[in-house]
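Worksheet: the structure to be examined is printed underneath.
What's counted below: heavy atoms across the whole structure, side chains too, no hydrogens, waters or symmetry copies. Throughout, a chain's letter reflects where its sequence line sits, starting with A, and its residues are numbered from 1.
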Amino acid sequence: MDSKYTSMGIENGAKTNGVKRKNGVEHIKVKKIKLANEGTVAHNIKVETNGHNNNNVHENKIVNEKPQDLQEARRQLPVYMVRNRLLEEIKKHDTMILIGETGSGKTTQIPQLIHEQRLEGAGAIAVTQPRRVAAITIALRVAAEMNTEIGSIVGYSVRFEDVTSPRTKVKYMTDGMLLREAILDPLLKKYSIVVLDEAHERTVSTDVLFGIVKLAQKERNEKKLNPLKVIVMSATMDVDSFKKYFNNCPVIYLEGRTYPVTIYHSKMKQEDYQYAAVCTIFQLHATAPANHDFLVFLTGQEEIETVMYNIKQIAKEATGPPIRVCPLYAGLPPAKQLQVWRDAPPGTRKIILATNIAEASVTIPRIQCVIDTGVVKERTWSGGTGAERLSVRATSQAACWQRAGRAGRTQAGAAYRLYTAADFRARPMHQTPEILRCPLASTMLLLIAAGVEPSTFPLIDTPPPDSVKASLSLLKELGAIDSEVNPKLTVIGKKMSTFPIEPKYSKVLLCAPEYNCLDEALSLIAVLSSENVFHTPMHKREEAIKMKQKFLSPLGDHITLLNVFKAFSKAPLKKQWCKENYLNHKNLTYACEVRQQLLAICLKLNMTVTSCGQAYDQVLKCLLCGLFTNCAWQRGGAGGARAAGRYVTAAGAAAALHPASALQALRPPPPALLYSELLVTGRSYMLTVSAIQPQWLQQVAPEYARRCRANR
DNA sequence: GAGCACTGC
C-alpha cells in the first residue's frame, strides 16, 4: 500500500491535469506511520450521539430496540466493568476528572450508575453537552435503557424545548441552558451533582460553568447547604491544567473501544492542499476496494464545491469504480445533507467532502479512509475595532486525531494527512479556547447578572485584557452597568440579561416601545440573531439575486430582512415558498422560534407590542439605540466622488460596504451608515447595513456622538 | 465588486 501510494501520483499525473489549480503537478509522497508507533491510540469516536439532523430517525431507532438488548449492550461497555470502583471514587471526592475514550459509555452510563445508587439524594443530576442534538438523543437513549418515559425520571432541556418534570433526576441539557439557569440561581441548588461532559471542546459556556460550579461548591460548603459534586468528563484533554484548576482533584482514565487507524503523513510539504486532496483521492481510488468510503476534510462551502467539480471532471477518465460525491456543511439544506447517510449503490464509492462539521457534530458510518487537509476556518475577534476575522488556520493535534478517528468507527481504517509528520508535531496540542477569541459582552453581562465580579471570576484561561475592557465598556455605553470597575447591573441591564441574545440587540428591544415599533424590532432582531436567510447556490447565482430584488428596500439591508421575514410569515406553503425565492427555510423557521421566545420575555417585562406600519425611520432609529457603536461615515465627507463606497467606522477603522448589500446600487452613496457586523476577509467589510441620517446619532446617543466627532 | 467554519441561549 505504501509504495503504491507514493508512486500513484506519477501514474495518474496526466489525469490530474484536469484539476483547476494554478500550481504545477506535484506528487504526494507519504510515509507510513502506525498509530501504535507514535505511542498514541485512536481517539474519541462518539457512539452515544447520532448527529443526524432528523431527530425522529434516532427516536424510532431507540424505541425499536428491545429492553433486554439494551441491557446486554450496557453490560458490554468498558465503563460497566469498572463501575464499582468508579462509584467509590465518586462517593469519595467532591470533584473529579474523568478521561474516557470514545465508546467507554461514560455519558450514558455514569449518570445512570449514580442514580441507581441514589447518590444524588434529594437533588438532581445535571449533565451538560455542547450540542442540543446530543443532549436530546442521549437523554432518549438513557430513558430507553432505564425503561422509563422521556420527561419523567430522565429528561432533557434545550432552547425552545424543556422535557422535564419535577420528578426528573437525570437531566441532560446544553451547557448554555445550565448557564442561563445560573443567572437565576448561581448556587445551582436544584442539583446535587453536575456533570460537565465534552469539556475538551472548551465552549465559552463550559468554560464559564467551570467557574460557576467552583464558586457554587465553595459557597454551598460555607453556608452549610447540601454539597455539590462536580464531574468533568472529556475525551482527550489538557489534563495538567484542568487538574490544577480544580485544586488537584483526582483524574480517572476509562478505556475506550475503537478500531485501529493507520496514519500516513505526507513526505513533503504540500503547497496547495486542495490540489493535494484531489491527487490523494484518485491515488487511493485506483486501488482501494469499491466499498471503502472516503471522508475528506475541507474548510468551507466554496472549497467543497470546487473540489467536487474537479473530482467529477477527473472521474470521467479515472480508473476505478464509479464515484458518488457528497458535500457536507452546515449551510447545506437538510434534504441534501441526508444523502451522506444513504448507502451508495453496490460497487460505487462514496466520497464525502465535509467541513469540520464531520469532526464531532455529525457521525458518518462505514468510513474506512479519512483524507485530512489539516486546515480549518476559524473566527477571531479584535476588541479594538470590533471586527471579526474568518481565516484558514492549521488544526490542532487534538483535531487531527479526532479527524483520523472518524475512520475507525466500525472497522479498522486509515487516515492520510496532507502535511508532514514534522508539521504535525509542531502544531499546538489544542485549539485556542473560544473564550480567548470571541466577543465577551454577553458573557460579562451574564456573569454580572449572576452576581459575580468579572475581574475575580476564576476562568481556566484568562481572555485578553483588551477584550474584557472592550466588552465592559460596551456594556457601560449601552447603560447596562453602572461602572466598568466593580460593575453592578442597572435597571435596564437587569432586563437585558434576561434576553438570550447579544446585549446590543436586547437594548434595541427595550428601546422599541419608545419608537412604537416593538413588533418590527422583534422580527428584525430574531432574523439578525439567526444565520443568513438568503440562499445563493453557486450555479444559480443570477436567479437567486433576481428573486432577492422584490424584497430590497432602498433604506438598506435591515428593512430588506424585515420584508423577507414578513413575507415568510404570511406565506402559506413556507417550504415551497422558500425554495422559489432562494431563501433558507431552516434559518427563517429558527428566526420565528426566536421571535416567539423574545416576545414572551417582552410580555413578561410588561412591554407593549405596537407596530409603526410603514414608518421605517422609526425602526432604524430604534436599531441605532443598541447599535450606535456600529456607525460609519463616508471618508472625506459626503459628495467626494473618489471617496464613494469608502467609509471609516466609529473606532476609526477603514471599512467598505459589502458588495451584497442592498445599498450597493444606491447613488449617491449614503453619507452615514449603521452596520450589524464588521468582517475582515481580504478587506474590511460591513455586513447588513442601513443608511441613517447623521443627526440621528446625536439624538439617540448624544454623549457617544460627541466623542465620535472629537475622534474623527 | 465578494463570497460565512462550527456551536449555543
Side-chain angles (χ1 to χ4, degrees), chain A residues 51 128-135 157-162 173-183 198 201-209 297-306 328-332 354-362 373 375-380 388-393 395 399 402 431 434-435 437-438 442-443 445-446 449 497-503 505-506 526 529-538 541 544-545 584 587 590 593-594 597-598 601 644-646 656-661 663-665 677 679-688:
Chain A
T128 67
Q129 293 294 319
R131 280 171 289 279
R132 47 181 287 139
V133 201
S157 172
V158 297
R159 191 178 189 180
F160 311 130
E161 213 184 340
D162 182 5
M173 60 207 298
T174 45
D175 47 13
M177 210 65 196
L178 185 59
L179 207 51
R180 279 276 135 198
E181 288 189 7
I183 298 181
E198 309 283 12
E201 293 201 16
R202 301 294 306 276
T203 64
V204 174
S205 297
T206 300
D207 270 18
V208 175
L209 280 172
F297 282 98
L298 295 161
T299 65
Q301 173 180 350
E302 199 188 356
E303 197 169 284
I304 287 172
E305 283 176 350
T306 306
L328 180 66
Y329 48 89
L332 200 67
T355 60
N356 54 342
I357 190 174
E359 211 175 280
S361 308
V362 136
T373 54
V375 280
V376 68
K377 229 175 241 184
E378 194 182 74
R379 201 164 192 153
T380 52
E388 297 197 84
R389 190 185 294 267
L390 210 53
S391 43
V392 175
R393 292 194 54 187
T395 49
Q402 175 76 22
Q431 201 199 10
E434 198 188 357
I435 201 161
R437 53 184 169 85
C438 77
S442 53
T443 303
L445 185 65
L446 189 137
S497 72
T498 62
F499 289 95
I501 50 175
E502 282 295 309
Y505 291 158
S506 52
S529 305
S530 319
E531 292 291 309
N532 191 7
V533 297
F534 296 106
H535 178 234
T536 328
M538 209 162 57
R541 212 177 125 259
I545 289 169
N584 187 315
N587 292 345
Y590 176 81
E593 285 194 279
V594 174
Q597 190 186 26
L598 299 180
I601 297 169
R646 295 168 64 197
L657 196 59
H658 193 273
S661 169
L663 292 177
Q664 197 59 248
E677 249 184 301
L679 188 75
V680 185
T681 47
R683 292 166 73 187
S684 192
Y685 287 105
M686 294 176 280
L687 305 183
T688 319

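- Among the protein residues, A/Ile357 comes within range of the sugar-phosphate backbone only, with heavy atoms under 4.0 Å from sugar or phosphate atoms but none that close to a base.
- Contacts of A/Tyr329 with the nucleic acid, taken as non-hydrogen atoms under 4.0 Å apart, involve only primed sugar atoms and P, OP1 or OP2.
- Residue A/Leu679 is classed as a base contact, given a heavy-atom separation below 4.0 Å to a base.
- Residue A/Gly331 is the one, among A/Ile501 and A/Gly331, whose nearest nucleotide of DNA chain B lies closer to the 5' end (criterion: closest heavy atom).
- A/Ser205 comes within 4.0 angstrom of no nucleic acid atom, judged by non-hydrogen atoms across all strands.
- For A/Ser530, there are no side chain to side chain donor-acceptor pair (under 3.5 Å) partners at least two apart in sequence or on another chain.
- Contact annotation for A/Gln597: no contact, since no heavy-atom pair falls under 4.0 Å across all strands.
- Judged by distance alone, the side chain of A/Arg202 and the main-chain N or O of A/Glu434 form no donor-acceptor pair under 3.5 Å.
- Read 5' to 3', the first and last nucleotides of DNA chain B with an atom closer than 4.0 Å to a heavy atom of chain A are B/dG1 to B/dC9.
- Each of A/Ser442 and A/Glu378 lies near DNA chain B, and the nucleotide nearest A/Glu378 is the one positioned closer to the 5' end.
- Around the CZ atom of A/Arg159, the shell of radius 6.0 Å holds more than 12 heavy atoms that belong to other residues, nucleotides or ligands.
- Residue A/Leu687 is classed as a base contact, given a heavy-atom separation below 4.0 Å to a base.
- When heavy atoms are screened at a 4.0 angstrom cut-off, A/Arg541 is found touching base atoms of the nucleic acid.
- Using a 4.0 Å heavy-atom criterion, one finds that A/Glu677 contacts the bases of the nucleic acid, with or without backbone contacts as well.
- For the pair A/Pro500 and A/Ile601, the tightest heavy-atom approach, listed with the atom from each and the gap, is CD-CD1, 3.6 Å.
- Using a 4.0 Å heavy-atom cutoff across all strands shown, A/Val158 reaches sugar-phosphate atoms only and no base atom.
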